[in-house]
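Structure record follows, encoded as structure tokens.
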Amino acid sequence: MTERTGPVPRPGILDIAPYVGGEAKVAGVARPIRLASNESALGPSSKAVAAYRALAAEIHRYPDGSAAELRAAIGRRHGLDPERIVCGAGSDELITLLLRAYAGAGDEVLYSRHGFLMYAIGAQAVGATPIAAPERDLHTDVDALLARVTQRTRIVLIANPNNPTGTYLGIDALARLHSGLPPAVLLAIDAAYAEFVDRNDYEPGARLVDRADNVVMLRTFSKIYGLAGLRLGWAYCPPAIVDVLNRVRGPFNISAPAIAAGVAAVEDEEAFLRARAHNARWLPWLSERLQALGLPVTASVCNFVLPRFPDDPRRNAEAAFEFLRTRGILTRKMAAYGLPQHLRITIGTGEEMEAVVAALGEFMAVQ
Ligand SMILES: Cc1ncc(COP(=O)(O)O)c(C=O)c1O
């Protein structure tokens, strides 16, 4: 037997199943249709691309570590105090930082059963125990979450609306979740898809942050703003949490081109409205066509849908995934989310939506 001599990570690290992103390539297909990662259908704002390019000759300079210009632009856009905003390299980084700062060995991190995968992974990475509360019909269940709060609970992480189910909690349900939590438990509301939601009873979380010391709202530039490749997100927090995040984050965690592109993107109202209108048109279109093919779809308020496939091995989600891939169309398998009968399909361009519906029509017609 050979003896292990190399460095050994902390207990639990090797139990983590690494996050696997959506596939981006298909052998033999030059430009696959990429509907696997909830990226923007229309791409970034041309103003954001120009701002990014304009910084190319300056990349020998460190960025402004406080990302002041970007925080000011976000503050103007959303009517929020820039002093209460912290930027991160994607909201992923902010999730990780919150977990690192507020949870550790022996603590519990609570999330909803079909919540974003990074919550459980991030909790395990800091030695905490992820606790999943069951859902009701692919909806976050406030009572189930509250029933699982213990003395050891440190953070409750909720995606609202949720990826991959596409469902959301209304203002009242979220307020009820918050009021059922002890004041020392942090409620992190991850509103990565907030910009797509068009419902009167929805609020991304800022109002709750304004009246509580234990709530944080997380946002991203990866979805409606189309800057996923740049890695840019932000958190709106009570002052004490801003202070904590600024202590644990890297001093230059956002690159200068990301700051510049983020400012341009958040100020490009026209591109924003175009992206929103595109989603508002194609989300119901795709949902209806999938239902018409006999694939039940949970009502989504995001830029993706989650059709359920039959159990018949010729028509199940796995077979559909492979069939679509042979047509150069990439979707996301959902077994890692505990949803093996489903595929998640991102809203792409109109042509891409027509192609995926045509291919699924063929797939469902196979004898
Ligand atoms: C709910 C949710 N939160 C956070 C993220 C991560 O976003 P970012 O690219 O800002 O790290 C995603 C990405 O898919 C997401 O779906």
Side-chain angles (χ1 to χ4, degrees), residues 4 6-23 36-38 86 88-135 138 140-141 144-160 162-165 177 181-182 184-193 214-220 222 228 231 233 235 237 241 244-245 247-250 253 332-340 342 344:
R4 278 192 71 170
V8 177
R10 278 190 293 103
I13 297 291
L14 295 179
D15 298 332
I16 298 172
Y19 182 84
V20 181
E23 291 179 51
S37 297
N38 300 340
V86 180
S91 40
D92 276 349
E93 185 192 24
L94 294 160
I95 293 166
T96 307
L97 292 177
L98 287 171
L99 288 164
R100 200 197 297 165
Y102 290 97
D107 296 333
E108 291 175 355
V109 172
L110 189 54
Y111 68 106
S112 191
R113 170 74 181 93
H114 303 298
F116 184 45
L117 273 185
M118 283 307 298
Y119 305 156
I121 292 176
Q124 282 176 289
V126 299
T129 306
I131 305 286
E135 300 196 350
L138 301 182
T140 303
D141 184 338
L145 283 161
L146 290 176
R148 280 156 186 81
V149 174
T150 72
Q151 293 276 336
R152 288 190 290 276
T153 309
R154 294 287 169 271
I155 307 186
V156 180
L157 273 155
I158 295 297
N160 196 36
N162 184 49
N163 169 24
T165 57
L177 172 61
L181 295 176
V185 173
L186 174 63
L187 174 62
I189 304 167
D190 177 355
Y193 300 91
N214 64 336
V215 184
V216 168
M217 172 184 73
L218 301 172
R219 305 291 287 265
T220 183
S222 298
R231 313 305 305 125
C237 317
I241 298 180
V244 165
L245 287 176
R247 288 169 196 263
V248 294
R249 71 177 174 85
N253 59 333
R332 189 70 157 263
K333 286 197 267 192
M334 289 283 111
Y337 282 93
L339 297 165
H342 297 73
R344 195 189 64 200

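Just so it is clear, the values below take in all heavy atoms, side chains as well, and ignore hydrogens, waters and symmetry mates.
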| message | Are the side chains of Ser91 and Arg219 in contact, using a 4.5 Å heavy-atom criterion? | response | no

| message | Tell me the closest heavy-atom pair linking Pro164 and His114, and the distance in Å. | response | CD-O, 3.0 Å

| request: With the side chain counted from C-beta on, respond yes when Asn163 and Arg344 share a heavy-atom pair under 4.5 Å apart, and no when they do not. | output: yes

| message | Using the rule given for side chain to side chain contact (heavy atoms under 4.5 Å, CB included), can you reason through Leu138 versus Leu339, listing the C-alpha separation, both sets of side-chain angles and the distance that settles it, and then say yes or no? | response | CA-CA 10 Å; Leu138 301 182; Leu339 297 165; 3.6 Å; yes

| Would a 4.5 Å heavy-atom cut-off, applied to side chains only, mark Ile189 and Val215 as touching? | yes

| request: Give the minimum heavy-atom separation between Ala89 and Asn253, together with the two atoms involved. | output: CB-O, 3.6 Å

| said: List the residues meeting side-chain contact (heavy atoms from CB on, under 4.5 Å) with Pro182, not counting sequence neighbours, and say none if there are none. | reply: Val149, Val185

| request: May I ask you to test the Tyr102-Ile241 pair for a side-chain heavy-atom distance under 4.5 Å? | output: yes

| request: Drop me the distance from Arg100's CZ to Glu93's CD, to the nearest 0.5 angstrom. | output: 8.0 Å

| Under the side chain to side chain contact (heavy atoms under 4.5 Å, CB included) criterion, do Leu94 and Val216 qualify, and how do the steps go? | CA-CA 10 Å; Leu94 294 160; Val216 168; over 6 Å; no

| query | From Phe116 CZ over to Tyr193 OH, what is the distance, rounded to the nearest 0.5 angstrom? | reply | 7.0 Å

| Just how far is it from atom CG of Leu117 to atom CE of Met334, taken to the nearest 0.5 Å? | 8.0 Å

| field | Leu98 side chain near Leu157 side chain, heavy-atom distance below 4.5 Å | value | no

| From Arg154 atom CZ to Leu110 atom CG, the distance as rounded to the nearest 0.5 Å | 12.5 Å

| remark: In terms of heavy-atom contacts, Arg113 and Glu135 come closest through N-OE2, 3.8 Å

| said: Once rounded to the nearest 0.5 Å, what's the spacing between atom CG of Leu99 and atom CD1 of Ile155? | reply: 4.5 Å

| For Tyr111, all residues meeting ring-ring contact (aromatic ring centres under 6.0 Å, His included), sequence neighbours excluded | none

| field | Least distance between heavy atoms, Thr153 atom then Arg148 atom | value | OG1-O, 3.9 Å

| remark: On a heavy-atom basis, the closest approach of Asp141 and Pro134 is CB-O, 3.6 Å

| query | Are side-chain heavy atoms of Asn162 and Ser112 found at a separation under 4.5 Å? | reply | no

| Are any non-hydrogen side-chain atoms of Leu187 and Asn214 less than 4.5 angstrom apart? | no

| field | Separation of Lys333 NZ from Glu23 CD (nearest 0.5 Å) | value | 7.0 Å

| field | For the student: nearest non-hydrogen atoms of Leu218 and Ala235, plus distance | value | CD2-CB, 3.6 Å

| query | Less than 4.0 Å between a side-chain N and a carboxylate O, is that true for Asp92 and Arg231? | reply | yes

| query | Is Ile131 close to Thr150 at the side-chain level, that is, under 4.5 Å between some pair of heavy atoms? | reply | no

| request: Could you pull out all residues at least two apart from Pro9 that satisfy side-chain contact (heavy atoms from CB on, under 4.5 Å)? | output: Ile13, Leu14

| request: For Thr140 and Asn160, run side chain to side chain contact (heavy atoms under 4.5 Å, CB included): C-alpha distance rounded to whole Å, both residues' side-chain angles, the deciding distance at 0.1 Å, then the answer. | output: CA-CA 9 Å; Thr140 303; Asn160 196 36; over 6 Å; no

